[in-house]
Amino acid sequence: MRQKMIQIKDISYSVDEDSPVIDDLSFDCEKDEFISIIGPSGCGKSTLLRIIAGLMKPDKGKVMYLGKEVRGPSIGIGFVFQDFALLPWLTNLENVKIGCSRMNLSDSEKETKSEIMLDKLGLGGFEKSYPNVLSGGMKQRVGIARALVSDPKILLMDEPFSSLDQLTADTLRSDIIEHLKNKNLPVNSVIMVTHNVEEAVWLSDKIVILSKKPSHVSAIRHIDLKRPRNKRSGEFLDIMDFIYATLAK
């Protein structure tokens, strides 16, 4: 049995007494597992991801990271935002260095580490540029570099490709898979929120399907299709049909 990296145990969250968002939700993320969380709009997917990251506190239940309860942001958990979340007054290098802020390194070590990560993500030469000169795909690469530079074991991604055009998104998805296969990177597992069913099936080892608000786990679908996956194969389309049918319930 593989090591459990993240355990989501009986999580509930409400905006107020009359607005429950998440209700008694549980699932595990194992080592070397890519999980997608998918569900109807407004069911609390992004809220759940922020709870896993320690950015929000649940009303009930807990999140365990390597056996210890998550009580706040952890250096072992990286986060990629949907809208890039880059600071426009900082250079791309300075934006990535933010990811090193909690590491016990000198400023020069943080800078070197950030330069190396930008280069790995294909942005060598753009260190001193500002985000406004970058395309959407390049901005998201900076965001991913910032999440990876702290050497996290878990990478959380909140609809990371939804702001990109189809061609750019496809290229970045393929690049992410290749980077995650790279044993020089410390990331063991990924949890991604998405509304794109095809994307979820193409990327994931496991898909957690949430119900309407207040959300709970409607189904968990494991995917053992070999990579690279054929989006036109019968097996691929059958899994998509299952997810759509579950979401429609």
Side-chain angles (χ1 to χ4, degrees), residues 2-8 28-37 49-56 63-82 84-87 90-128 131 137-161 172-193 203-206:
R2 289 187 294 182
Q3 181 183 18
K4 292 182 179 179
M5 302 297 293
I6 291 282
Q7 296 169 278
I8 293 91
D28 296 335
C29 175
E30 298 180 341
K31 186 176 181 181
D32 298 323
E33 195 168 45
F34 193 120
I35 293 179
S36 286
I37 301 171
L49 204 67
R50 282 162 171 75
I51 290 172
I52 296 171
L55 301 175
M56 297 174 65
V63 176
M64 306 294 289
Y65 166 58
L66 293 177
K68 296 183 179 180
E69 186 173 355
V70 175
R71 298 183 180 274
S74 169
I75 198 169
I77 302 176
F79 200 105
V80 178
F81 296 88
Q82 177 182 355
F84 317 135
L86 303 180
L87 300 179
L90 298 181
T91 65
N92 298 315
L93 180 62
E94 290 168 336
N95 269 287
V96 175
K97 280 176 65 178
I98 292 173
C100 299
S101 59
R102 300 180 65 197
M103 302 183 77
N104 187 24
L105 299 173
S106 68
D107 192 63
S108 62
E109 287 173 325
K110 291 177 182 177
E111 186 160 316
T112 298
K113 192 173 181 65
S114 299
E115 287 176 343
I116 291 171
M117 188 56 66
L118 276 171
D119 189 60
K120 285 182 179 180
L121 270 294
L123 290 171
F126 289 91
E127 295 87 352
K128 295 182 180 180
M138 295 168 77
K139 288 177 183 176
Q140 192 58 291
R141 288 176 189 272
V142 176
I144 293 169
R146 180 183 56 201
L148 293 176
V149 75
S150 62
D151 298 330
K153 293 184 180 298
I154 301 289
L155 184 64
L156 306 180
M157 300 196 293
D158 189 4
E159 301 200 34
F161 313 112
L172 193 50
R173 288 184 195 108
S174 297
D175 287 351
I176 289 297
I177 289 296
E178 288 304 312
H179 283 300
L180 294 176
K181 289 179 181 177
N182 184 352
K183 297 305 178 183
N184 292 324
L185 291 178
V187 173
N188 294 136
S189 306
V190 178
I191 302 177
M192 179 183 73
V193 162
L203 289 172
S204 307
D205 301 302
K206 182 167 76 181

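Residues take their numbers from the sequence shown, with the count starting at 1. None of these values were measured; they are calculated from a predicted model.
Closest approach of Ile144 and Leu121 over heavy atoms only: CG2-CD1, 4.1 Å. Shortest non-hydrogen contact noted between Pro152 and Gly78 is CB-N, 3.4 Å. Looking at every heavy atom in both residues, Ile154 comes nearest to Met5 through CD1-CB, 3.5 Å. Of all heavy-atom pairs spanning Leu49 and Leu156, the tightest one is O-CD1, 3.7 Å. Closest of all the heavy-atom pairs between Ile8 and Asp28 is N-OD1, 4.2 Å. Considering all non-hydrogen atoms of both residues, Ala145 and Leu118 come closest at CB-CD2, 4.3 Å.
Val80 is listed as a side-chain neighbour of Gln140, based on a closest heavy-atom distance under 4.5 Å. Under the 4.5 Å side-chain criterion, counting only non-hydrogen atoms from C-beta, Phe126 is not in contact with Val142. The side-chain heavy atoms of Val70 and Met64, taken from C-beta on, include no pair separated by under 4.5 Å. Counting only heavy atoms from C-beta outward, the side chains of Ser189 and Glu30 never approach each other to under 4.5 Å. Side-chain contact between Val190 and Leu203 is absent, with no heavy-atom pair separated by less than 4.5 Å. Contact of the Glu115 side chain with the Asp119 side chain is not registered, since no non-hydrogen atoms from C-beta on lie closer than 4.5 Å.
In terms of modelled atom types and a separation under 3.5 Å, the side chain of Glu127 and the main chain of Gly125 share a donor-acceptor contact. Panel note: side chain Arg102, backbone Pro73; a donor-acceptor pair is recorded below 3.5 Å. Counting only distance, with no hydrogens or angles, the side chain of Thr112 and the backbone of Glu109 share no donor-acceptor pair below 3.5 Å. Side chain of Asn95 to backbone of Leu87: a donor-acceptor contact under 3.5 angstrom is found.
Under the side-chain contact (heavy atoms from CB on, under 4.5 Å) criterion, Asp175 pairs with Arg141, Thr171, His179, sequence neighbours left out.
Enclosure of atom CZ in Phe84 by more than 12 non-hydrogen atoms of other residues, nucleotides or ligands within 6.0 angstrom is indicated.
Interatomic distance, OG of Ser36 versus CG of Asp205, reported as 9.0 Å (0.5 Å rounding). The CZ atom of Phe79 lies 11.0 Å from the CE atom of Met157; values are rounded to the nearest 0.5 Å. The OG atom of Ser150 lies 10.0 Å from the CD1 atom of Ile77; values are rounded to the nearest 0.5 Å. The NZ atom of Lys206 lies 6.5 Å from the SG atom of Cys29; values are rounded to the nearest 0.5 Å. For the atom pair Gln7 CD and Leu66 CG, the distance stands at 9.5 Å (nearest 0.5 Å). With values rounded to the nearest 0.5 angstrom, Leu155 atom CG is found 11.0 Å from Asn188 atom CG.
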Derivation and outcome, side-chain contact (heavy atoms from CB on, under 4.5 Å), residues Val149 and Lys110: CA-CA 9 Å; Val149 75; Lys110 291 177 182 177; over 6 Å; no
Pair Leu123, Asn92 - check side-chain contact (heavy atoms from CB on, under 4.5 Å), show working. CA-CA 9 Å; Leu123 290 171; Asn92 298 315; over 6 Å; no
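The side-chain hydrogen bond (donor to acceptor under 3.5 Å, both in side chains) pairs that include a residue from residues 69-80 are Glu69-Arg71, where partners are two or more places apart or lie in different chains. The list of salt bridge (Lys or Arg N to Asp or Glu O under 4.0 Å) pairs with a residue in residues 142-159, not counting sequence neighbours, reads Arg50-Asp158, Lys113-Asp151.
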